[in-house]
Amino acid sequence: MKILIIGAVAAGTSAAAKARRNNEDAEIKIYEMDSDISYSACGLPYYIGTEVERREQLVPRNAAFFKSKYNVDIFTGHQVLSIDPDKKSLEVKDLSSSDVLTESYDKLVISTGAKPVLPPIKGIDKKNVFVLRNVRSADAIKNYVGQSKPQKALVIGSGFIGLEMVENLKALGMEVVVVEMEDHLMKPLDNDVSIYLRDVIIKNGVQVYLNDSVQELKGGGFVEKAILRSGTEIETDMVIVATGIRPNVELARLAGVELGTTGAIKVDNRMETNIKDIYACGDCAETYSLITGKVFYRPLGSTANKMGRIAGDQITGGDLEFRGILGTGIFKIFDTTVAQTGLTEREARQDGYDVVVCHNIKPDKPEYFHGEEMLIKAIADRKSGRLLGVQIIGKAGVDKRIDVFATAMTFGAKAQDLFHLDLAYAPPFSTTKDPVMYTGMILTNDIERNRKLITAEELAKKLEAGEKVSIIDARVQKQYQLNHVEGAINIPHEVLRETAEDLDKDAVTVTYCNKGVTGNAAQNILINNGFKHVYNLSGGHKNYARVMKGKEEKK
């Protein structure tokens, strides 16, 4: 059997390695346009910055390694020009000699990856405008930084790569500006979590422009100034364009391979396309959601490796099948970690779910062990209790929690299940009731025990609409006097039992404290005293104040 693979980064090399493990006799060849193979694309920003010292740390393997370990022939600098499914052959060009050869196959794997999306900006072709996509592009940025010593950098876009570049350019001593055309940073986050991310970035001296876009990059051969849609002018010595990627599918499309609704290659759970014996994996192929079952496009290195392994197994007679993904992602920005998995609140509502949303602010471990607060936003389906999505931002313990949530969600966990997880506890590592368990408790109280939650945005909408809402600040008077929700009356928790009879039991009532726990205790008192419509403010005043500040900052 002869196996040909187009592309030699994450998915392609994973497919080749698995195919070889299954079949020692197969002839396996990979064609790759680039000069580097099997590299860590996610590590590139840190190679440009100060974290990764040597190029070889990101590109530890070459064609000779794959030949000696896996008996796989990798041809770098070779471009596949066309695929002929009827003849089961490829036309391949050697870029160094311009020679063109025809290569037959029994099984073909397309892992052509993705390519950057370049917005229509006048002057985007100038010499100090860069896109970070592969090791050679990282080399170009690193060389420019080393030779030209830029003092100011502009990053267009706020996805994973864009924000990781922000941190690493800042670490090199530059003044950094971020421009994002959406109304919040990092699309996989909801607005009320993204505002915390924005705080972190601004606190570290980075300027952020939201709801704006670059219209022109002005200068001679090099950019000197960026002109925004708003008319703002930004002086800069270099520009990083990080406005997303799209699947690289033209070769497949011309061969008659069917594309899905996302624009990526449509595959089944065996990674096979509509054409027999042609498979696709990695950033060029679409995936589907474990939550909704719907196809979507979420290019991630972890997913590419998984898809490649499945493709390699299937083409050599294995039975591995793709089960879908949650789209779990995580990144570091300065001293903070941001992570998400599953659906955002806006995605869940768009898909028709009746959602329960909680904002849980808890330390990763006890305060006496220097615990650091994290914000956990969790979304569950009110009807079934199923956990739909989680977003977390904090300085410590975020990675541990997001992986627990992702594992639970993979196996269909309900919010009610989270409290019953037998998680490891000792003071250096966690609180006795871990933040994951607390999240389950908060959601369960809403879903099953009539302890309803109201988000900051929902309360703000009620107030803006002039709805009559009785708001009770259950904190001590000193905290109330410092800052409180507009229209709230201060009835500290310890005296609420004595004053409850003086309140309207039929009114829509919202209780709150700093973060939510005492607000819930006040809610319990009122419900147990016959109040009919009582909500606890999700995340308490701390979250409410930050969300409202964010709304004002955008005006």
Side-chain angles (χ1 to χ4, degrees), residues 187-193 262 269 286-298 300 302-303 306 321-330 338-362 374-393 398-423 433-458 516 520 535-536 538-539 543:
K187 191 174 182 179
L189 298 179
D190 280 316
N191 222 318
D192 55 358
V193 177
T262 66
N269 59 2
E286 67 182 11
T287 58
Y288 66 90
S289 167
L290 267 172
I291 301 295
T292 66
K294 297 178 180 178
V295 295
F296 72 131
Y297 183 63
R298 187 66 60 85
L300 295 165
S302 53
T303 304
K306 186 184 301 181
E321 293 185 349
F322 187 67
R323 298 182 180 181
I325 61 170
L326 296 167
T328 307
I330 189 168
V338 184
Q340 53 75 220
T341 188
L343 304 180
T344 62
E345 179 185 352
R346 65 181 182 277
E347 288 169 339
R349 291 188 187 280
Q350 287 168 0
D351 279 327
Y353 289 100
D354 179 11
V355 299
V356 178
V357 178
C358 81
H359 299 77
N360 180 23
I361 302 174
K362 290 289 187 298
M374 68 179 77
L375 169 74
I376 301 176
K377 177 178 181 177
I379 301 103
D381 175 30
R382 185 179 299 279
K383 182 178 179 180
S384 66
R386 186 181 183 187
L387 196 60
L388 301 176
V390 177
Q391 299 157 54
I392 314 178
I393 182 166
V398 171
D399 55 340
K400 169 182 174 178
R401 273 73 188 196
I402 202 68
D403 282 343
V404 172
F405 281 118
T407 301
M409 289 167 63
T410 297
F411 296 105
K414 297 181 178 182
Q416 299 93 319
D417 298 324
L418 297 178
F419 170 72
H420 298 283
L421 293 174
D422 188 15
L423 301 177
K433 286 196 286 288
D434 190 88
V436 172
M437 300 167 69
Y438 262 116
T439 301
M441 292 162 60
I442 296 167
L443 290 171
T444 302
N445 278 342
D446 186 312
I447 294 169
E448 292 187 345
R449 295 179 173 84
N450 194 36
R451 270 51 178 175
K452 303 299 181 186
L453 295 163
I454 186 169
T455 67
E457 291 177 331
E458 288 171 336
N520 172 246
Y535 298 84
N536 184 23
S538 184
N543 185 60

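Any value given below was found using the heavy atoms of this structure, including those in side chains, with hydrogens, waters and symmetry copies removed.
The closest donor-acceptor contact from the side chain of R382 to the backbone of Y353 lies at 3.5 Å or more, if one exists at all. For the pair Q340 (side chain) and G329 (backbone), a donor-acceptor distance under 3.5 Å is present. Of the possible polar contacts, one joining the N536 side chain to the G516 backbone as a donor-acceptor pair under 3.5 Å is found. At distances below 3.5 Å, not a single donor-acceptor pair connects side-chain atoms of T341 with backbone N or O atoms of V390. With hydrogens and angles disregarded, no donor-acceptor distance shorter than 3.5 Å links the side chain of Y288 to the backbone of N269. The main-chain N or O of D190 is found under 3.5 Å from a side-chain atom of Q391 such that the two form a donor-acceptor pair. Side-chain atoms of T287 come within 3.5 Å of backbone N or O of F296 as a donor-acceptor pair.
For K377 and E457, the salt-bridge test fails: no basic side-chain N is under 4.0 Å from an acidic carboxylate O. Between R451 and D446 there is no salt bridge, since no side-chain nitrogen of the basic residue lies less than 4.0 Å from a carboxylate oxygen of the acidic one.
Taking each heavy atom of M437 and L423 in turn, the nearest pair found is CG-CD1, 4.1 Å. Across C358 and T439, no two heavy atoms sit closer than the pair SG-CG2, 3.9 Å. Summarising the geometry of L387 relative to I291, their closest heavy-atom pair is O-CD1, 3.9 Å, with the distance given to 0.1 Å. In plain terms, the two heavy atoms of L443 and A378 that are nearest each other are CD1-CB, 3.9 Å. For the residue pair S538 and T455, the shortest heavy atom distance occurs at CB-CA, 4.2 Å. The heavy-atom pair separating A348 from L343 by the smallest distance is CA-CD1, 4.0 Å.
By the neighbour-count criterion of 12 heavy atoms within 6.0 Å, atom CZ of F419 is sparsely surrounded, having that number or fewer from other residues, nucleotides or ligands. More than 12 non-hydrogen atoms from other residues, nucleotides or ligands lie less than 6.0 angstrom from NZ of K452. Atom CZ of R323 is surrounded by 12 or fewer heavy atoms from other residues, nucleotides or ligands within 6.0 Å.
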Item checked: Audit row: D434, R401, side chain to side chain contact (heavy atoms under 4.5 Å, CB included) steps and yes/no -> CA-CA 9 Å; D434 190 88; R401 273 73 188 196; 2.7 Å; yes
Note to self: Test side chain to side chain contact (heavy atoms under 4.5 Å, CB included) on K306 and I325; report intermediate values, then the result.
What the structure shows: CA-CA 10 Å; K306 186 184 301 181; I325 61 170; 4.3 Å; yes
Next item on the list: Could you go through the side chain to side chain contact (heavy atoms under 4.5 Å, CB included) check for D351 and K294 one step at a time?
Entry: CA-CA 10 Å; D351 279 327; K294 297 178 180 178; 2.8 Å; yes
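The distance from atom CG of L453 to atom CG of N445, rounded to the nearest 0.5 Å, is 8.0 Å. Taking OG of S289 as the start and CG of L326 as the end, the distance is 7.0 Å to the nearest 0.5 Å. In this structure, the separation between CD1 on I393 and CG on L189 is 7.5 Å, given to the nearest 0.5 Å. We find the CZ-CD distance between R449 and Q416 to be 8.5 Å, quoted to the nearest 0.5 Å. Between atom CD of residue E286 and atom CZ of residue R298 there is a gap of 13.5 Å, rounded to the nearest 0.5 Å. We find the CG-CE distance between D417 and M409 to be 12.5 Å, quoted to the nearest 0.5 Å.
Using a 4.5 Å heavy-atom cutoff, the side chains of I392 and M374 are in contact.
Of the residues listed (N360, I376, N520), the one engaging I442 in a side chain to side chain contact (heavy atoms under 4.5 Å, CB included) is N360, and it is the only one.
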